[in-house]
A.B. asks: 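Pasting a structure here, questions to come.
Each chain gets a letter, A, B and so on, in the order the sequences are listed, and its residues count up from 1.
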Amino acid sequence: MLDIKLIREKPEWVKERLSTRGEEYPVEKVVELDRRRREILKEVESLRHERKEKSSQIGRLFKEGKREEGQKLSAEVKKIGERLKELEVELREVEAALKQELLLLPNIPHESVPIGEDEKDNEVIKRWGEPREFNFQPKPHWEIGAELEILDFERAAKVTGSRFVVYKNEGALLERALINFMLDLHTKKHGYKEVLPPFIINEKALIGTAQLPKFKEELFKLEDWDYYLVPTAEVPLTNLHQDEILPEDALPLYYTAYTPCFRAEAGAHGRDTRGIVRQHQFNKVELVKIVVPEKSYEELESLLLDAEEVLQLLGLPYRVVLLCTGDLGFAAAKTYDIEVWAPGQNRFVEISSCSNCEDFQARRANIRYRPKEGGKPKFVHTLNGSGLAVGRTVMAILENYQQEDGSVIIPEVLRPYMGGLEVIKKKK
RNA sequence: GGAGGAGUGGCCGAGUGGUCGAAGGCGCUCGCCUGCUAAGCGAGUGUGCGGGCUAAAACCCGCACCGCGGGUUCGAAUCCCGCCUCCUCCGCCA
């Protein structure tokens, strides 16, 4: 959520900055609702004040036995109460409308974010690793997975439907090994606290991190419940401290969590229909940071490095992309995507997205801290990043480590997590 | 699923219709005192919103907030209704 005071004071600037996202947002509407809210509020407050004074006067009059005077005044105050009731209804309506509009405004892009329309204007800022030279035609992971009997799409369709997969044999083991490897790296080396949150979350949390109200169609909702399947661990992790005032000493907070992620992929019909790149359910190890505002941009850089290190240790070539304004997510002020090389598809595939949301989510979720030097509580900055998407990591391992005979070599760092297994071979 | 109990400030806890944003205690901050520490003494110490002042603060005024949402009343932390959360007991269960 944007600061209403900022919108009030610099509506033109806000509108212009938001328009760099490639869409026009009704900032004037917000300004007008805010103006009306204050107008009504002023009247409501002065009426309440009058009522308060006169009511206590009535109390005194009755105590002094001046019943008649008291009754007279009482009738008067009753009228104020009636007028107030009308105005309060109006105030509530305006406030609800204002809140609704505010919840639909995205975050303002950071000044360092390149202006652009869509992903073609993103900037590649870093490349790591050399794509391997193949002396045979590398296969896409869905072919490798089928041949090795570790990925089974047909049977997943039987028990559920399309965009689901069953991992089998070493495939299931590989997925599990990756989760443990990533969690170990982030907790032991990078200093994140491990959390295992609920995989079902409520509406308030989803509003807090801004999946709601705008992206409802992306979520799986439980029938007869105001609960949803978690689309990313960012939601439970960031909302852990909703409505809290943290002492500054407690910051920064680093959290990591493994969760499955459930996404309806409503707007993605026909995209990435083969393989495990785009599934309704996938595993992810998430990184979340809660920090003081002054530090959030350096924290974003180190968050990115924490995610990158997973790929480096796995020996998977990747590039880092700075998203342009038009490609930026709703809550983010700045985002780096990490894209892993997928030789079987001859393209880079997003495997992590690291964002600084500044105080956008903190306002929605009401997460504040009390500055050391004292004074008013301030909003924290929140950051999140995948560290990494596990299914896509399996994809990248299968494609990058495939051999001509159809087997796949296991990256060394994973072997201790797989009982020493060095290679996944075809079953005979 | 059944029965009962509880939700008040950073924490504990009093308050059952008016002068209660809320006693008291703890904690914290500042000052005094003091070889040091502790104790003692004094003062201060919630959040949000609106308005005034301001370069911006500080500050001042007002309104709201005693789990959440409604209602009754001239007036609600206090009465009524609904909901949420937590706890205890019983039952069931991985």
Side-chain angles (χ1 to χ4, degrees), chain A residues 1-10 13 30-103 196-208 222 224-228 236 239-251 253 293 359 362-380:
Chain A
M1 197 153 57
L2 298 178
D3 183 1
I4 184 64
K5 285 176 190 158
L6 176 69
I7 297 174
R8 191 186 296 156
E9 279 158 26
K10 297 156 89 180
W13 181 82
V30 171
V31 171
E32 172 56 19
L33 283 167
D34 174 56
R35 193 195 57 75
R36 279 200 57 207
R37 184 184 79 90
R38 284 181 295 153
E39 189 177 71
I40 299 167
L41 187 60
K42 252 194 254 182
E43 196 177 346
V44 164
E45 287 186 347
S46 78
L47 284 174
R48 280 178 185 157
H49 179 65
E50 196 181 338
R51 178 179 68 182
K52 211 178 188 178
E53 300 242 295
K54 290 189 171 160
S55 289
S56 59
Q57 212 177 319
I58 291 168
R60 270 195 308 267
L61 286 172
F62 279 136
K63 207 169 274 175
E64 291 164 11
K66 300 176 178 168
R67 292 204 61 82
E68 235 163 84
E69 272 183 72
Q71 241 128 33
K72 203 176 139 209
L73 200 52
S74 165
E76 203 179 306
V77 176
K78 188 164 190 165
K79 282 207 184 96
I80 296 173
E82 282 158 9
R83 171 78 183 130
L84 251 179
K85 204 163 270 181
E86 288 170 27
L87 278 174
E88 278 169 346
V89 168
E90 207 180 333
L91 182 63
R92 245 176 281 166
E93 284 167 3
V94 171
E95 277 178 343
L98 175 62
K99 187 165 185 205
Q100 202 46 232
E101 290 299 325
L102 275 175
L103 288 176
L196 184 59
F199 300 163
I200 291 174
I201 61 231
N202 63 31
E203 199 162 38
K204 193 177 176 202
L206 286 156
I207 289 171
L222 300 194
D224 299 329
W225 293 76
D226 275 335
Y227 291 168
Y228 298 78
N239 280 288
L240 243 29
H241 296 288
Q242 133 193 140
D243 293 320
E244 289 184 28
I245 301 174
L246 302 156
E248 185 172 345
D249 291 342
L251 303 178
L253 284 164
D359 65 7
R363 279 178 196 285
R364 289 178 163 240
N366 193 27
I367 308 169
R368 293 172 292 171
Y369 73 100
R370 176 133 4 231
K372 264 200 202 96
E373 64 274 14
K376 297 261 176 217
K378 289 160 74 179
F379 288 109
V380 299

A.B. asks: Would you say the side chains of A:Arg364 and A:Asn366 form a donor-acceptor pair under 3.5 Å?
C.D. replies: no

A.B. asks: Does any residue of residues 45-54 of chain A have a heavy atom under 4.0 Å from RNA chain B, and if so, which ones, in number order?
C.D. replies: A:Glu45, A:Arg48, A:His49, A:Arg51, A:Lys52

A.B. asks: Should A:Glu69 and A:Arg60 count as side-chain neighbours, where that means a heavy-atom distance under 4.5 Å?
C.D. replies: no

A.B. asks: Minimum heavy-atom separation for A:Phe379 and A:Tyr369, please, with both atom names.
C.D. replies: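 What the structure gives for the nearest pair is O-CE2, 3.7 Å.
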
A.B. asks: B:rG46 P sits how many Å from A:Lys378 NZ, rounded?
C.D. replies: 19 Å

A.B. asks: Minimum heavy-atom separation for A:Pro198 and A:Pro236, please, with both atom names.
C.D. replies: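 Looks like O-CG, 4.3 Å.
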
A.B. asks: Can you check the distance between B:rG9 and B:rA22, where both ends of the measurement are the P atom (answer in whole Å)?
C.D. replies: 14 Å

A.B. asks: Determine, for A:Glu244 against A:Arg368, whether the closest basic-nitrogen to carboxylate-oxygen distance falls under 4.0 angstrom.
C.D. replies: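 No, no charged N to carboxylate O under 4.0 Å.
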
A.B. asks: In whole angstrom, give me the gap between the C1' atoms of B:rG42 and B:rG48.
C.D. replies: 32 Å

A.B. asks: With rounding to the closest Å, how many angstrom separate the P atoms on B:rC33 and B:rU47?
C.D. replies: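 Going atom to atom, P in each nucleotide, I get 31 Å.
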
A.B. asks: Using the P atom on both, measure B:rG4 against B:rC81 and round to a whole Å.
C.D. replies: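 Looking at atom P only, B:rG4 and B:rC81 are 14 Å apart.
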
A.B. asks: Send over the distance from A:Ile4 CD1 to B:rG50 P, rounded to a whole Å.
C.D. replies: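 Distance check: A:Ile4 CD1 to B:rG50 P gives 8 Å.
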
A.B. asks: Do the side chains of A:Leu102 and A:Ile7 get nearer than 4.5 Å, heavy atoms only?
C.D. replies: yes

A.B. asks: Round to the nearest Å and state the distance from A:Asn366 atom CG to B:rC65 atom C1'.
C.D. replies: 13 Å

A.B. asks: Do A:Ile367 and A:Leu246 have side-chain heavy atoms sitting under 4.5 Å apart?
C.D. replies: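 Yes, their side chains come closer than 4.5 Å.
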
A.B. asks: Could you state the atom-to-atom distance from NZ of A:Lys42 to C1' of B:rG51 in whole Å?
C.D. replies: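 Checked: the NZ to C1' distance equals 7 Å.
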
A.B. asks: Would you mind pulling out the nucleotide paired to B:rU29, Watson-Crick or G-U wobble, both distances under 3.5 Å?
C.D. replies: B:rA43

A.B. asks: Before accepting this row, confirm whether a basic side-chain N of the pair A:Lys54/A:Glu50 lies closer than 4.0 Å to the acidic partner's carboxylate O.
C.D. replies: yes

A.B. asks: For side-chain contact (heavy atoms from CB on, under 4.5 Å), just list the numbers for A:Tyr228 and A:Leu206, CA-CA rounded to whole Å, side-chain angles, deciding distance to a tenth of an Å, and then say yes or no.
C.D. replies: CA-CA 9 Å; A:Tyr228 298 78; A:Leu206 286 156; 3.3 Å; yes

A.B. asks: What is the nucleic acid contact for A:Leu41, judged by heavy atoms within less than 4.0 Å: base, sugar-phosphate only, or nothing?
C.D. replies: sugar-phosphate

A.B. asks: Looking at A:Arg37, does any N or O in its side chain come under 4.0 Å of the phosphate oxygens OP1/OP2 on B:rG50?
C.D. replies: yes

A.B. asks: Whole Å only: how far is the CD atom of A:Glu69 from the C1' atom of B:rC74?
C.D. replies: 15 Å

A.B. asks: Within residues 78-103 of chain A, which residues have any heavy atom lying less than 4.0 Å from an atom of RNA chain B?
C.D. replies: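 By residue number: A:Lys78, A:Lys85, A:Arg92.
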
A.B. asks: Look at A:Arg35 together with A:Glu32 and state whether they make a salt bridge at an N to O cut-off of under 4.0 Å.
C.D. replies: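 The answer is yes: the pair qualifies as a salt bridge.
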
A.B. asks: Which nucleotide, in any strand shown, forms a Watson-Crick or G-U wobble pair with B:rU88, with both distances under 3.5 Å?
C.D. replies: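 B:rA3 is the nucleotide pairing with B:rU88.
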
A.B. asks: I'd like the P distance from B:rG44 over to B:rC61, given in whole Å.
C.D. replies: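 Going atom to atom, P in each nucleotide, I get 16 Å.
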
A.B. asks: Provide the Watson-Crick or G-U wobble partner of B:rC49, both distances under 3.5 Å; none if there is no partner.
C.D. replies: B:rG62

A.B. asks: May I ask which nucleotide in the shown strands pairs with B:rA22, Watson-Crick or G-U wobble, both distances under 3.5 Å?
C.D. replies: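 The base-pairing partner of B:rA22, which may sit in any strand shown, does not exist here.
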
A.B. asks: Could you walk me through whether A:Asp359 and A:Val380 pass side-chain contact (heavy atoms from CB on, under 4.5 Å), step by step?
C.D. replies: CA-CA 6 Å; A:Asp359 65 7; A:Val380 299; over 6 Å; no

A.B. asks: Using a strict cut-off of less than 4.0 Å between a Lys/Arg side-chain nitrogen and an Asp/Glu carboxylate oxygen, indicate whether A:Glu43 and A:Arg83 qualify as a salt bridge.
C.D. replies: yes

A.B. asks: Taking the C1' atom of each, how far is B:rU19 from B:rA38, in whole Å?
C.D. replies: 41 Å

A.B. asks: Within the 4.0 Å heavy-atom criterion, would you say A:Lys5 contacts the bases, only the backbone, or no part of the nucleic acid?
C.D. replies: sugar-phosphate

A.B. asks: Look through every strand shown and name the nucleotide pairing with B:rC36 as Watson-Crick or G-U wobble, where both distances are under 3.5 Å.
C.D. replies: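 When the pairing criteria are applied, nothing turns out to pair with B:rC36, so the answer is none.
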
A.B. asks: Nearest whole angstrom, please: distance from the P of B:rA56 to the NZ of A:Lys10.
C.D. replies: 13 Å

A.B. asks: Could you check which of B:rU47, B:rC49, B:rG18 has an atom nearest any side-chain atom of A:Arg368?
C.D. replies: B:rU47

A.B. asks: Hunt down the Watson-Crick or G-U wobble partner of B:rG75, both distances under 3.5 Å, from any strand shown, or write none.
C.D. replies: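 Across any shown strand, B:rG75 pairs with none.
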
A.B. asks: Rounded off to whole Å, could you give me the CG-to-C1' distance for the A:Asp3 and B:rC49 pair?
C.D. replies: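 For the pair A:Asp3 CG and B:rC49 C1', the rounded distance is 13 Å.
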
A.B. asks: Protein-nucleotides 7-13 of chain B N/O pairs closer than 3.5 Å?
C.D. replies:
none

A.B. asks: Look through every strand shown and name the nucleotide pairing with B:rG17 as Watson-Crick or G-U wobble, where both distances are under 3.5 Å.
C.D. replies: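 For B:rG17, the partner nucleotide comes out as none, under the 3.5 Å rule.
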
A.B. asks: Give none if B:rG82 has no partner; otherwise give the nucleotide forming a Watson-Crick or G-U wobble pair with it, both distances under 3.5 Å.
C.D. replies: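 WC or wobble partner is B:rC68.
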
A.B. asks: Can you tell me, in whole Å, how much space there is between the C1' of B:rG15 and that of B:rC60?
C.D. replies: 31 Å

A.B. asks: Are any non-hydrogen side-chain atoms of A:Ile4 and A:Val30 less than 4.5 angstrom apart?
C.D. replies: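 When only atoms from C-beta onward are counted, A:Val30 and A:Ile4 do touch, with a gap below 4.5 Å.
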
A.B. asks: Report the distance from atom CD1 of A:Ile58 to atom P of B:rG17, rounded to the nearest whole Å.
C.D. replies: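 Going from CD1 in A:Ile58 over to P in B:rG17 covers 18 Å.
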
A.B. asks: Work out which heavy atom in A:Pro371 is nearest to a heavy atom in A:Glu248; give both atom names and the distance.
C.D. replies: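 A:Pro371 and A:Glu248 have their closest heavy atoms at CA-OE1, 3.3 Å.
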
A.B. asks: Would you kindly compare A:Ser56 and A:Asp34 by the position of their nearest RNA chain B nucleotide and give the one closer to the 5′ end?
C.D. replies: A:Ser56

A.B. asks: For atom P, what is the distance between B:rA77 and B:rU16, given to the nearest Å?
C.D. replies: 13 Å

A.B. asks: So A:Pro247, base contact, sugar-phosphate only, or nothing? Heavy-atom distance under 4.0 Å.
C.D. replies: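 No contact.
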
